[in-house]
Amino acid sequence: MFKHLNTFIRYTKAFFYINLKNHLEHKEYFWLLFFILPFWSLMQIIFIETIFQQTTSFIGYSKYEMYILFGTYRIVDGFCLTVIVPRISRLSLLLRGDDNQHFDAILTKPIDSQLFATFGYLYLGGISSMLVGAAVAIYGFIHSAISLAHINIIMYVLTMMLGVFMFYIGSLSLRILVFWFEDLQATKEIWDSVKGLAHRPTGLYQGIYGLIINLVFPIALMGAIPADILLGKKNYSMFFLYLVIIAVLFYLLRRVWFLALKQYSSFSS
Amino acid sequence: MLSLQVILHRRANLVAWFIVGIVPSLVFVASWLAIMGDRTEIQGYTRSDFILYYIGMTLSWYIIGGNFATAIGDGIKNGTINKSLLKPYNIVLEHLFAEQAWKFASLIVTIPGVLLFLYIFQDYLSFGFSLEKIFLLILTTLLGAIIFMFFQAILGSLAFWMTEIWAPSDFYEVILFIFGGIVAPLSLMPSFIETLSYFLPFRYIFYLPLSILLGKDSQPMWDIIMQCLYVGVLYIVFKLVWQAGIRRYEAYGG
């Protein structure tokens with residue numbers, strides 16, 4: 001366990017320095033994305049303003065609570081954009097051999113193939129998205145005039161961390177399909193569409209859809225559930241239930257990864 | 001036909017794109033229905049209007065929308081347009097027609113989903129058509145598609161000056177989503193956005209045909225004139241940008 005953790009830390013440190021050098025080499029793209037990414041938040045902010053012209057409560061959320069929810073989603077999404085997306089988005093390129101690395105080479109390394117193939121690149125420009133998320137959440141918090149217990153804040157942060165794991169699980173579950181469908185291209189876009197479900201209140205999804213989105217495959221962990229816990233709409237003890245769910249999903253994903261490795265045959269090397 | 005064959009060879013992608021298109025629309029509809037609660041309408045928009053608006057928006061993407069700016073940009077960046085420059089037609093048309101094949105195939109895949117969508121919400125739906133409405137709908141859709149095409153062509157042409165065009169493309173998309181009424185009907189948005197949208201071309205791409213479909217447009221002839229005006233202006237802008245780009249193009253790679 002500690003050996004794996006040590007490998008993980010050394011690996012992360014090494015890649016952090018490589019990525020930092022890379023960013024310093026291509027400063028203009030770093031800054032362009034740094035400023036363009038948060039721009040997308042404008043769309044949701046305008047949607048929130050639009051709906052609250054027509055109502056004072058949206059599925060139990062006030063306008064400023066919606067800002068907290070959306071800000072939470074942006075923080076989780078921005079973090080994942082910085083840490084998870086840059087590497088995971090190259091998986092199909094790795095498999096097809098279009099990347100500067102090749103999956104065959106990864107399989108020969110003395111490091112876990114899933115870790116190496118899905119983690120390690122950083123995109124520091126994604127930090128701007130996190131900053132905007134934090135600003136939106138703080139704005140919502142200041143205006144909603146709610147008082148928060150320390151335990152809610154702690155569980156909020158911990159649940160957001162589960163949201164990061166959920167992002168990884170959800171994103172990789174789709175990306176991994178490329179092992180079976182080599183021409184599949186829109187996995188990023190599907191995930192971008194599906195993850196958007198997390199920035200609406202959990203109560204929006206009823207019946208079987210609600211059960212899936214809020215519990216079985218809890219995409220809502222990336223925004224709505226942490227916000228619910230912060231605002232006291234859900235008991236913070238729910239965190240432990242979600243911890244178990246994420247552990248089970250992660251285990252299943254791990255099994256699928258090994259199945260995918262068995263399925264893999266080198267494309268071009 | 002060649003592009004259509006390539007697309008049909010990669011059928012899994014069509015299903016994927018269908019999911020990409022339908023999920024946000026479903027969420028938007030569910031959100032508005034939740035907001036309506038017991039009310040019968042919001043500023044003239046009934047449940048049926050909201051459902052048809054977002055279904056229409058999904059379908060419109062396959063008729064009007066698409067994305068071929070990236071393909072043009074990549075062609076310029078990689079030098080693959082070199083051969084196309086010798087042909088007696090503009091490279092933009094090449095990519096435009098390739099995109100139509102993708103849109104056509106996607107539209108076919110989307111129809112069962114749309115029927116399912118209509119089935120789910122059948123209790124709320126009511127709509128009527130007249131010959132005049134159909135004519136105006138076709139005309140405004142066609143003009144909207146031309147406006148959209150020129151925007152894509154202009155964005156793609158920026159690759160003559162920039163090695164990557166995703167930054168202006170992203171910027172354009174956000175503006176289009178807001179001022180084009182993709183996020184929500186413009187008449188329900190904060191008043192400064194609705195007012196500003198009258199001075200921008202984006203409302204004439206998707207929003208105008210949908211307004212006509214839902215019978216929300218009170219001055220269709222004036223709006224059609226505005227569409228024609230924007231088609232003319234954007235054509236001139238595209239020609240200027242393209243010619244300036246070609247003059248500085250060095251045709252490396254390819």
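Lettering follows sequence order; numbering is per chain, from 1. As a basis for the values below, the full set of heavy atoms in this structure was taken, side chains included, without hydrogen atoms, waters or symmetry mates.
Contact record, A/Gln54 with B/Gln43: NE2-NE2, 3.2 Å, taken as the closest heavy-atom pair. The shortest heavy-atom contact between B/Pro190 and A/Thr50 is CD-OG1, 3.3 Å.
Contacts of A/Leu197 with chain B are made by side-chain atoms alone, with heavy-atom separations under 4.5 Å and no backbone atom involved. For a residue to count as touching a neighbouring chain, one of its non-hydrogen atoms must lie under 4.5 Å from one of that chain's; by this rule B/Ala167 touches chain A with backbone and side chain alike. In this structure, the portions of B/Val183 lying under 4.5 Å from any heavy atom of chain A include both its backbone and its side chain.
Atoms CD1 and OG, from A/Ile51 and B/Ser31 in turn, are 6.5 Å apart once rounded to the nearest 0.5 Å. Rounding to the nearest 0.5 Å places CZ of A/Phe47 at 13.5 Å from CZ of B/Phe177. Atom CZ of A/Phe58 is separated from atom CD1 of B/Ile35 by 5.0 Å, given to the nearest 0.5 angstrom.
Using non-hydrogen atoms only and a strict 4.5 Å limit, no part of residues 200-213 of chain B faces chain A.
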Problem - Candidate pair A/Ile46 and B/Phe179, rule side chain to side chain contact (heavy atoms under 4.5 Å, CB included), full reasoning - result: CA-CA 11 Å; A/Ile46 284 170; B/Phe179 292 102; over 6 Å; no
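Although no hydrogens or angles enter the test, the distance criterion places a donor-acceptor pair under 3.5 Å between the side chain of A/Gln53 and the main chain of B/Leu188.
The residue among A/Leu42, A/Thr55, A/Ile190, A/Val194 with the most heavy atom pairs within less than 4.5 Å of chain B is A/Ile190.
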